[in-house]
Amino acid sequence: MALLELSGISLSFSGLRALSDVSFSVAESQIVGLIGPNGAGKSTLINCVSHLYRPERGSILFNGQELVGRSTPEVAAMGIRRTFQNLELFREVSVRENITLGLVYRYRAGILSDFLNLPSARAMRREANAETAAIIERLGLNDVADVRVCELSYGLQKSVEMARALAGRPKLMLLDEPAAGMNPEESRRVADTVRRLRDENGISILLVEHDMRVVMSACDRIVVLDHGEKIAEGTPAEIRNSPAVIKAYLGEDDDHA
Amino acid sequence: MPPRKLVIFLVVAVLAALPFGLGNYGYYILASVMIYAMVGLSLNILIGMGGQISIGHAGFWALGAYASAIVVTKAGLPFLVGVLAGGVVAGLFGALVALPALRVQGHYLAIATLGFALFVQQMLFEWESFTGGRQGLFVPRPSLFGTEMQSDFGYYYVLLAIFLLLAWIAHNFAKSHTGRSLMALRMSAVAAECCGIPRPKHVIIAFATSAFFTGVSGALFAHLLGHLSTETFSLAASLSFLSMAVIGGLHSRGGALLGGFYLALAPEVLREFKDAQMVIYGVLLILCVQFLPGGLISIVDVVRSRLGRKPLGTP
Amino acid sequence: MIPQLVVSGLALGSIYALLALSLVLINKATDVVNFAQGEMAMVGTFVCFTLLARTGLPLVIILVLAVPIGGLIGIVTERVTMRPLQSAPPINSLIATIGLWMVFHHGAGWIWGYDPVRFPSLFSPNPVNILGARVAENSLGIVGVSFLVVAVLYVFFEYTRAGIAMRAASMNRRAAQLMGVNIGRVSLTAWGLATAISVVSGLLVAPLTFLDFDIMFAVLLKAFAGAILGGFNSLVGAVVGCLVIGVIENLFAAYISASFKDTFAFAIIIAVLMVRPQGLFTRQIAKKV
């Protein structure tokens with residue numbers, strides 16, 4: 001059974017079709033790339049899966065459970081985490097606090113014990129802090145752990161966002177252009193990281209990316225969107241040679257081909 | 001002793017020593033400082049941590065005051081039960097007001113809370129059989145363990161103790177997972193929700209807690225004043241609360257305390273200006289937003305950072 | 001009975017509509033809701049009152065002068081209080097307008113005293129016969145003046161450079177800035193224009209009761225209610241919303257309860273915010289992430 005199964009997803013904004021009848025699936029421990037020209041609906045689709053948008057039609061099954069109709073936090077708690085194209089971090093606080101906030105939903109004492117700082121609240125904080133420290137250690141963020149996020153470089157901020165997503169112990173990660181704004185060397189490292197996420201943590205990944213080298217080297221399967229419709233799906237090799245894909249890209253502008 | 005604890009100890013010692021050498025009027029002013037500072041704490045939670053605005057806190061204040069007065073006079077229950085009832089009633093209404101806050105933010109919320117406060121004021125005025133309407137309501141002096149406190153001197157210490165208790169709760173909340181989740185939602189609602197932190201629950205908690213604090217303050221105020229009338233809980237009171245919280249500093253317990261001093265002492269200092277007084281409050285509020293957005297407490301922080309210390313405002 | 005109530009309701013509603021237009025104008029151009037708008041209108045009306053009493057100019061001239069007077073109040077206020085907050089978080093601007101509320105409200109009491117004064121009306125309260133309904137002349141006058149203001153505003157937004165720049169800025173501030181729209185000037189224009197319009201609403205409401213420092217507060221609440229009904233970012237929506245509020249208010253006061261007639265505005269505010277926060281006439285647009 002597929003981990004994530006989208007069928008017939010449609011969504012429009014004030015009459016404009018953003019997605020129409022998109023179906024595909026992501027298997028357990030699979031890396032699926034989502035590509036397409038600008039405005040093809042890639043980010044919109046990611047937003048549908050993480051439930052920032054609610055699709056008008058269609059169903060999204062995750063582990064056999066319907067996601068449509070649930071709230072964003074519920075979806076996150078079920079094991080779907082994401083990063084954002086333009087970074088959505090808690091900028092004014094430290095790296096450590098960002099990561100803790102990524103896992104804090106699992107460590108809840110009652111509200112009363114939070115108010116009165118009862119032992120149960122303190123225990124929850126101790127456990128959350130320990131797990132945060134472990135993540136920081138594992139991802140090598142020790143040097144910047146107590147620096148405020150807004151003071152970090154763009155690249156480091158991206159790592160922090162990834163670390164925060166990992167803190168949620170996801171089964172599925174949605175990565176929205178992790179290599180945007182990076183040089184070829186850095187992009188290669190992104191592709192590595194994506195594969196490591198799968199190999200070491202067993203996380204399935206849905207990857208939106210413009211950088212074809214990253215997509216081609218990291219993904220097991222690729223789904224191509226154009227004007228909100230799925231125009232192709234297959235292995236990297238199949239996609240590279242698909243006439244429909246070449247046409248969609250060349251039709252828009254030559255830079256991406 | 002770590003510096004933070006030392007500062008708190010010194011502040012409490014000074015607060016405890018303040019009434020000595022003052023007369024009845026001085027006790028009354030100090031008592032109001034504590035009562036206002038509690039409202040300051042409530043706005044610390046709502047605006048400072050939650051990023052939600054309210055220009056209707058006089059509504060919660062009124063609910064607390066009337067609930068306590070009614071519980072004590074009509075049901076004959078003890079003073080502290082009345083105070084708790086005041087907090088609970090206001091807190092329930094706070095959860096109710098949070099419902100529109102779930103759908104709207106910022107300006108809309110400000111308008112909704114304004115509407116709420118005016119609605120409460122009108123209700124209290126019209127519902128004469130319960131609230132005394134135009135005549136108002138007499139409220140007995142506070143009493144503890146069966147003895148009535150005739151002087152505000154003793155009452156001040158009760159208020160100080162309750163303020164410290166609420167400040168401790170607010171501080172716990174700020175470092176708790178619930179409180180930090182609330183702050184995460186303020187910093188980026190999208191990111192927080194994608195981290196599994198539900199906005200509705202936290203906004204309701206913020207409003208209910210804030211309203212509870214304000215309700216407790218209102219109840220204590222009723223017993224200080226001895227007589228309630230709806231005019232006390234006008235829009236002017238709501239705006240004074242907001243100004244006080246901003247001028248003291250929205251992001252720390254110390255700011256709430258300074259705000260309480262500001263609101264209680266400014267009328268004394270500015271007495272000579274008579275009618276122009278309120279204009280000066282308005283000007284001070286605007287100047288504060290422009291030049292000292294962190295409030296008076298941020299002056300302390302500036303001094304501390306010169307000395308190489310961590311700012312007090314951080315949890 | 002009902003036709004009269006409806007027409008006088010429309011008159012009330014068009015007074016609210018002018019203030020609501022001011023609120024929406026500033027909100028669209030600068031993302032600030034000006035809680036002091038009603039008080040600024042009241043101060044402008046008091047200035048007009050003083051002018052009328054001192055110079056004895058005809059009322060029509062005063063009504064025309066209200067526009068530059070209001071404009072000046074708006075421009076000075078924007079420069080002194082809002083400009084320094086342009087890059088601060090929006091909550092700071094909101095708090096500053098509350099400071100302005102205190103300054104204008106109590107400033108008026110301080111300068112002009114707390115006693116209500118009589119303000120003469122341009123129009124007589126005598127009834128005229130229209131299509132069989134007897135309607136007060138001043139109701140028609142109020143609707144007429146408001147209609148004129150709305151027409152002028154329409155021309156401004158459709159045909160003048162400044163108006164078009166403001167529309168562009170309200171749609172997408174960042175893009176407008178890149179296209180060379182001066183955001184500072186847009187904010188200044190919005191405050192000037194909005195305050196001018198709001199002073200006209202003050203001049204229309206003052207003769208209906210008495211002029212005092214409290215006069216505009218109830219109007220502000222109704223204007224909020226109407227603007228929220230209309231979605232708060234649509235000028236047309238605000239006008240329609242306020243006309244609806246005016247009529248409902250009159251019918252409510254006549255048939256249900258006069259003492260709660262001001263409170264019902266909040267009921268509408270809360271109901272709309274709970275059920276349809278985007279207003280009755282606008283469609284919700286999903287936030288781009």
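Keep in mind that what you see is a predicted model, and the values were worked out from it rather than measured. Lettering follows sequence order; numbering is per chain, from 1.
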Segment of [X] engaging chain C (4.5 angstrom heavy-atom cut-off):
X	value
B/Val246	side chain
B/Leu284	neither
B/Ile280	neither
B/Gln277	neither
B/Ile111	both

Exercise. Side chain from CB out, backbone as N, CA, C, O: work out which of these in C/Leu221 comes under 4.5 Å of a heavy atom of chain B, or both, or neither.
Key: side chain
Practice problem: Give, as side chain, backbone, both or neither, the part of C/Leu100 having an atom under 4.5 angstrom from any heavy atom of chain B. | Solution: both
Should the heavy atoms of other residues, nucleotides or ligands under 6.0 Å from [atom1] of [X] be counted, would the total exceed 12?
X	atom1	answer
C/Arg185	CZ	no
B/Glu272	CD	no
B/Glu231	CD	no
C/Trp112	CH2	yes
C/Phe252	CZ	yes
C/Tyr255	OH	yes

Practice problem: Tell me, please, which residues at least two apart from C/Tyr114 pass ring pair (Phe, Tyr, Trp, His ring centres under 6.0 Å). | Solution: C/Phe213
Quiz prompt | Whether B/Gln290 side chain and C/Val80 backbone form a donor-acceptor pair below 3.5 Å | solution = yes
Self-check item: The single option from B/Val289, B/Leu250, B/Ile47 passing side chain to side chain contact (heavy atoms under 4.5 Å, CB included) against C/Ile91
Solution: B/Ile47
Quiz prompt | Side-chain heavy-atom pair C/Phe35, B/Leu239 within 4.5 angstrom cut-off | solution = no
Measure across [X] and [Y] and return the closest heavy-atom pair with its distance rounded to 0.1 Å.
X	Y	answer
C/Val103	B/Val283	CG2-N, 3.6 Å
C/Leu94	B/Ala110	CD1-CB, 4.2 Å
B/Gly282	C/Met102	CA-CB, 3.9 Å
C/Asn92	B/Pro293	ND2-CB, 4.0 Å

Quiz prompt | Derivation of the side chain to side chain contact (heavy atoms under 4.5 Å, CB included) call for C/Phe217 and B/Leu118 | solution = CA-CA 11 Å; C/Phe217 186 59; B/Leu118 295 168; 3.6 Å; yes
Quiz item: Which residue out of B/Leu114, B/Leu287, B/Leu285 racks up the most heavy-atom pairs below 4.5 Å with chain C?
Solution: B/Leu285
